[in-house]
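Heads up: the structure comes next, in structure tokens.
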Amino acid sequence: MTERAVAEKYGWVQQTYSSWKRGTLPRPDVRDALADFMDMARENIDKLCEEAQERAAPGIGVFDTAQQHGKVSDRKEGKFKFEPIQHGYGVSYIPRGRYFVRIETNVMEPALLYGTRAWVDPAAWPKPGSDVIVHSPKGIAWIGCLESVEGQSVRLSRYDRPDVVVDGHEAIHVIVLAERVVAAG
């Protein structure tokens, strides 16, 4: 069974399933389905997640090691360009792990202010209403508020602008933290 088929069968986003395989811990609200998939008791899944959390590096904040990825390529459209990244298994345009982007567009104001940073967590579950970065092939990505996902089409809303539909997306990453004040200088 492919990752996509597994993700669809259990109601996960394919990227979330892939991130679990790389070591990201599943959130409690998806562990029942994960237990079913793994043919394990939910209590065992919880115990494994607790043990993994305990082994995590102490004293390092979850955003302390985040690197900047992507640059705005079209301010009017809220479009980003991500450079290729060499991973152990090849080259990808999609960052692994938490990262941040500089908001150099006003398509998301007042939620995300021009000149601030927004931290993105690929392991967070995208839901309608989440502010997200939607990755498509060749390193192109759009920022917006997730309205819907239908097959390979993602609809994003923006403040005071028309919705954008991204076809053929490869990943949806949730913005989990954003600066609220533009830094001086």
Side-chain angles (χ1 to χ4, degrees), residues 1-31 33-34 37 62-63 65-75 77-105 107-108 111-112 116-158 161 163-178:
M1 188 176 266
T2 67
E3 287 181 9
R4 181 176 298 214
V6 170
E8 287 176 5
K9 179 177 179 179
Y10 290 94
W12 304 321
V13 175
Q14 182 180 352
Q15 72 197 43
T16 302
Y17 175 72
S18 296
S19 73
W20 293 339
K21 289 178 21 180
R22 291 190 310 269
T24 301
L25 297 179
R27 292 186 332 273
D29 63 322
V30 297
R31 291 182 188 168
L34 183 58
F37 169 68
V62 294
F63 298 103
T65 57
Q67 296 181 349
Q68 179 177 353
H69 287 283
K71 295 186 185 284
V72 171
S73 62
D74 187 331
R75 284 180 169 82
E77 295 296 322
K79 189 188 300 186
F80 286 74
K81 174 68 177 162
F82 283 74
E83 296 300 321
I85 304 164
Q86 180 68 43
H87 295 297
Y89 56 86
V91 175
S92 172
Y93 291 93
I94 301 171
R96 292 174 58 186
R98 294 177 183 97
Y99 60 98
F100 72 89
V101 294
R102 293 211 176 269
I103 307 298
E104 295 173 337
T105 176
V107 299
M108 291 297 291
L112 301 172
T116 60
R117 293 178 295 175
W119 283 265
V120 183
D121 187 350
W125 189 263
K127 299 177 185 174
S130 299
D131 291 330
V132 297
I133 302 278
V134 176
H135 292 270
S136 64
K138 303 294 183 190
I140 304 300
W142 284 263
I143 191 169
C145 180
L146 182 63
E147 292 296 323
S148 64
V149 179
E150 296 177 17
Q152 287 296 305
S153 294
V154 179
R155 179 175 298 280
L156 301 175
S157 63
R158 280 91 174 279
R161 295 178 190 260
D163 286 2
V164 171
V165 175
V166 180
D167 289 317
H169 75 283
E170 293 183 341
I172 304 171
H173 291 172
V174 178
I175 296 171
V176 294
L177 181 68

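This structure is a prediction, so every number in the text was calculated from the model and none was measured.
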Arg117: side chain to side chain donor-acceptor pair (under 3.5 Å) partners, not counting sequence neighbours: Glu179
Residues passing the side chain to side chain donor-acceptor pair (under 3.5 Å) test with Ser92, sequence neighbours excluded, are none
Residues 138-155 vs salt bridge (charged side-chain N to carboxylate O under 4.0 Å, His left out), sequence neighbours excluded, gives Arg155-Asp163
If I compare all heavy atoms of Ala111 with all of Asp131, which pair ends up nearest, and what's the gap? CB-OD2, 4.1 Å
Within the 4.5 Å heavy-atom criterion, are Arg96 and Pro122 side-chain neighbours or not? no
With heavy-atom distances below 4.5 Å as the criterion, would you say the side chains of Val154 and Leu146 are in contact? yes
How far apart are the closest heavy atoms of Ser130 and Val174, and which atoms are they? CB-CG1, 4.3 Å
Under 3.5 Å, side chain of Arg158 to main-chain N/O of Ile143, donor-acceptor pair present? yes
Among all residues two or more places apart in sequence or in another chain, which pass the ring pair (Phe, Tyr, Trp, His ring centres under 6.0 Å) test with His69? Tyr99
For Pro84 and Val91, work out which heavy atoms get closest and say how close. CB-CG1, 3.4 Å
Non-hydrogen atoms of Ile85 and Pro95 that approach each other most closely: CD1-CA, 3.7 Å
Report the residues that fulfil side chain to side chain contact (heavy atoms under 4.5 Å, CB included) with Ala171, sequence neighbours left out, ordered by chain and then residue number. Gln15, Ile94, His135, His173
Under 6.0 Å from the NZ atom of Lys81, do we count more than 12 heavy atoms belonging to anything else shown? yes
Set of side chain to side chain contact (heavy atoms under 4.5 Å, CB included) partners for Pro128, sequence neighbours left out: none
Taking every non-hydrogen atom, the tightest pair across Ala141 and Ile133: CB-CG2, 3.7 Å
Would you say Val132 and Cys145 make side-chain contact, with heavy atoms under 4.5 Å? no
Can you tell me how far apart CD1 (Ile103) and CG (Leu112) are? Round to the nearest 0.5 Å. 5.0 Å
Flag, side chain of His169 to backbone of Val134, donor-acceptor distance under 3.5 Å: no
Residue list, salt bridge (Lys or Arg N to Asp or Glu O under 4.0 Å) with Arg27, at least two apart or on another chain: Asp29
Gap separating the CD1 atom of Ile140 from the CZ atom of Phe80, nearest 0.5 angstrom: 11.5 Å
Do Phe100 and Val120 touch side chain to side chain, with heavy atoms closer than 4.5 Å? no
How many angstroms lie between atom CE of Met108 and atom OG of Ser157, to the nearest 0.5 angstrom? 7.0 Å
Reported OG-to-CZ distance for the pair Ser136 and Phe82, which is rounded to 0.5 angstrom: 10.5 Å
When you measure from the side chain of Arg31 to the backbone of Pro26, do you find a donor-acceptor pair of N or O atoms at a distance under 3.5 Å? yes
Who pairs with Glu104 by side chain to side chain contact (heavy atoms under 4.5 Å, CB included), at least two apart in sequence or on another chain? Val72, Arg75, Arg102, Tyr114
Of all residues at least two apart in sequence or in a different chain, which pass the ring pair (Phe, Tyr, Trp, His ring centres under 6.0 Å) check with Tyr93? none
